[in-house]
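Below is one structure, written out as structure tokens; comments come after it.
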Amino acid sequence: MKINDVIRTRRQALGLTQEALADKLGVSAPAVNKWERALNYPDITLLPALARTLGVDLNTLLSFQEDMGREEIARFLNALAETGRTEGCAAAFQMAQDKLREFPNSDLLSSGAAGVLEGLLALYPSGSEAEQEDWRQTLSALWERSARSTDPQVRETALHTLISRSIAAGDLDRAEALLSQLLQSHPDRRALTAALREKQGRQEEAWVLLESELFQRAHGIQNVLFQMLDLAAEEGDRERARLISDAASRAGTALGLPGYAELSAPLQFALLERDGPRALALLADLLEGLAAPWLPADCPLYRHIPAKPDGGAPATLLQPMLDLLEADPDAQFLKNVPGYRELLGKYRNCGL
């Protein structure tokens, strides 16, 4: 906020007229009016008294703010998007450049403005070819600056954008160099790498990366649904629990997950319902799935993922699963269901 805005907003917040503020400072009302319209500035000798009268420190009065806060940046970016929508890209780029000159050290502002301006240029293209080229150069400079930020969030967002741009432009060496700077934990790293490998003509590697990403995200979806099932059960909402269980089963089938992953939620719901026969049938299918190797090539979605020597090691989950089942309070009623002890004994003694 500039000094004229600080004077005006603080005066109004204190319920003072321009005349009242002028009287307190020993100046004329027109002088205060000129301050608030940014036509003139207070004399340096008045600044301490002005700051005390307005209830602010000198740093605030003189706009000595090193950076904008996150909420302030968010409000500015919303205003920037609205300006671009209603007044066009030229007005938005000018608005962003004015704010960036005011806060030249704010990487978060720079990155946020670049994202909004990029979207505006795509959604509301306007201006001459020369203007659009200037805007693209401005965006490139903002992303390059953001990629050097010490803020991990800003840096990773900028790197993601620059990698995508380099791939689209066919600058694959630069994309590879930028990719090496992206954190291994970045959620889109595999997808970006796959896009680069495809452009490099390394389709097999691209398939493996994308299929691995799908497999990981599919398990993530199952885990979220399982947690939702537990929450619905805790709240006593059996109908919602049933719907979530069905959704987890369908998702497992649609996403080509191994049978044990597909059956876990329905088994949990059967235990919740104390449905002994159904729980036993589901448990038998689940244990059988754990005892058998899972081959990615058997599913069209994962045919490029190399099979592991141990078949994906589902069998290593078998004994922990049996231990967990026997300790689960919700499963204790199964001990009275015919065939339960024999089923557990079969897999306890299967030598796996």
Is there a donor in the side chain of [X] and an acceptor in the side chain of [Y], or the other way round, less than 3.5 Å apart?
{"X": "R155", "Y": "Q181", "result": "no"}
{"X": "Q203", "Y": "E198", "result": "no"}
{"X": "S140", "Y": "R165", "result": "yes"}

Lys/Arg N to Asp/Glu carboxylate O, E205 vs R190, below 4.0 Å:
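Result for this pair is no, no salt bridge flagged.
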Do the charged groups of R75 and E72 touch, with an N to O distance under 4.0 Å?
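A salt bridge is absent here (no side-chain N lies under 4.0 Å from a carboxylate O).
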Are L263 and L243 grouped together when hydrophobic residues (ILVMFWY) are joined by side-chain heavy atoms under 4.5 angstrom apart?
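The answer is no; the residues belong to distinct hydrophobic clusters.
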hydrophobic_cluster_shared for L324 and L344, side chain cutoff 4.5 Å
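No, separate clusters.
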If every non-hydrogen atom of [X] is compared with every non-hydrogen atom of [Y], which pair is closest and at what distance?
{"X": "I244", "Y": "L229", "answer": "CG2-N, 3.9 Å"}
{"X": "E326", "Y": "Q332", "answer": "O-NE2, 2.8 Å"}
{"X": "R197", "Y": "L209", "answer": "CG-CD1, 4.1 Å"}
{"X": "A241", "Y": "L272", "answer": "CB-CD2, 4.1 Å"}
{"X": "G84", "Y": "Y124", "answer": "O-CD1, 4.4 Å"}
{"X": "Y302", "Y": "A218", "answer": "OH-CB, 4.2 Å"}

Run the side chain to side chain contact (heavy atoms under 4.5 Å, CB included) check on E131 and S128 step by step: do they pass?
CA-CA 5 Å; E131 285 177 315; S128 65; 3.4 Å; yes
Selection residues 138-187 - residue pairs positive for ring-ring contact (aromatic ring centres under 6.0 Å, His included), sequence neighbours left out
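Residue pairs with at least one partner in residues 138-187: H160-H186.
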Between L159 and E156, is the side chain to side chain contact (heavy atoms under 4.5 Å, CB included) condition met? List the steps.
CA-CA 5 Å; L159 283 172; E156 294 296 296; 4.0 Å; yes
Can you say whether the rings of W207 and H304 are parallel (under 30°), tilted (30 to 60°) or perpendicular (over 60°)?
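Plane angle under 30°, so parallel.
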Check whether any side-chain heavy atom of [X] lies under 4.5 Å from a side-chain heavy atom of [Y], and answer yes or no.
{"X": "N33", "Y": "R37", "value": "yes"}
{"X": "V32", "Y": "P30", "value": "no"}
{"X": "E87", "Y": "M95", "value": "no"}
{"X": "I7", "Y": "L21", "value": "yes"}

Walk me through it: do Q227 and Q222 pass the test side chain to side chain contact (heavy atoms under 4.5 Å, CB included)?
CA-CA 9 Å; Q227 287 183 274; Q222 289 291 81; over 6 Å; no
Donor-acceptor under 3.5 Å (R11 side chain, L16 main chain):
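Between the backbone of L16 and the side chain of R11 there is a qualifying donor-acceptor contact (under 3.5 Å).
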Any sub-3.5 Å donor-acceptor pair from S166's side-chain atoms to L162's backbone N or O?
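Checked: pair present.
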Apply side chain to side chain contact (heavy atoms under 4.5 Å, CB included) to the pair M228 and R240, showing each step before the final yes or no.
CA-CA 9 Å; M228 291 172 66; R240 183 169 175 78; 4.0 Å; yes
